[in-house]
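One structure is given below, encoded as structure tokens.
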Amino acid sequence: MIRVDEIVEQIDALQQSDLDAWIRDALISPQDEDGTPVFSEMECARIRLICTLHYELEIGAEALPVLLSLVDQLYQTRRRLLKLTAAVAAQDKAVQTAILAAIDAGSGTDGGT
């Protein structure tokens, strides 16, 4: 777990006031460790992503929640796809073949929908 002062020190561009605003706006969620806010590795990665979006790509504060929501949806979809892939792989070959055939049948010119 990484404390607020440590993450601010680790990321050159990160301003304490921005970090405080992102916490207030619930873009990041520190955990409480004996009354001290700390960040998991996952939250630190999110902070680095927000820093890249905000400081390097100059994404405004009003657009960050929308963009992060889309990123969260993408990661959730990826996790579900990995679980689905594992579930299909656990099936016998006949079921796998039937699933792949159904996917192929649905991949016409309409984009698979």
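Positions are given from 1, in the same order as the sequence printed here. This is a predicted model, so every value here is computed, not measured.
Other residues, nucleotides and ligands contribute more than 12 heavy atoms inside 6.0 Å of the CD atom of Gln10.
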Is there a side-chain contact (heavy atoms from CB on, under 4.5 Å) between Val4 and Gln16 once you walk through the steps? CA-CA 8 Å; Val4 170; Gln16 178 74 46; 3.3 Å; yes

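Between Trp22 and His54, the two ring planes are perpendicular [angle over 60°; tilted spans 30° to 60°].
A heavy-atom distance below 4.5 Å is found between the side chains of Ile2 and Glu41. By the 4.5 Å heavy-atom criterion applied to side chains, Leu68 and Leu53 are counted as neighbours.
Checking side-chain atoms of Glu43 against main-chain N and O of Pro30 turns up no donor-acceptor pair under 3.5 Å. Side chain of Ser69 to main chain of Pro65: no donor-acceptor pair is present (N/O by atom type, distance under 3.5 Å, no hydrogens or angles). Although no hydrogens or angles enter the test, the distance criterion places a donor-acceptor pair under 3.5 Å between the side chain of Asp92 and the main chain of Ala94.
Atom CG of Asp12 sits about 11.0 Å away from atom OH of Tyr55, to the nearest 0.5 Å. Here Arg80 contributes atom CZ and Lys83 contributes atom NZ; the two are 8.5 Å apart, rounded to the nearest 0.5 Å. Separating the CD1 atom in Ile7 from the CZ atom in Arg48 is a distance of 4.5 Å, to the nearest 0.5 Å. The structure places CD1 of Ile28 at 11.5 Å from CG of Leu49, a figure rounded to the nearest 0.5 Å. Here the CD atom belonging to Gln91 is positioned 12.0 Å from the OG1 atom belonging to Thr97, to the nearest 0.5 angstrom. Between the CD atom in Glu33 and the CE atom in Met1 there is a gap of 6.0 Å [rounded to 0.5 Å].
Grouping the Ile, Leu, Val, Met, Phe, Trp and Tyr side chains by contacts below 4.5 angstrom, directly or via other members, places Leu67 with Tyr75. Linking ILVMFWY residues whenever their side-chain heavy atoms come closer than 4.5 Å, directly or via other members, leaves Ile59 and Leu70 in distinct clusters. Ile11 and Met42 fall into different hydrophobic clusters, where Ile, Leu, Val, Met, Phe, Trp and Tyr residues are linked whenever their side-chain heavy atoms come under 4.5 Å apart, directly or through other members. There is a path of hydrophobic side-chain contacts, each under 4.5 Å, that joins Ile23 to Val8. Residues Leu27 and Leu74 do not share a hydrophobic cluster, defined by chaining ILVMFWY side chains whose heavy atoms lie under 4.5 Å apart.
Taking each heavy atom of Pro37 and Gly35 in turn, the nearest pair found is CD-O, 4.0 Å. Nearest heavy-atom pair, Ala89 versus Gln96, reported as atom, atom and distance to 0.1 Å: O-NE2, 3.1 Å.
Of the N and O atoms on the side chains of Gln76 and Asp72, not one donor lies less than 3.5 Å from an acceptor on the other residue.
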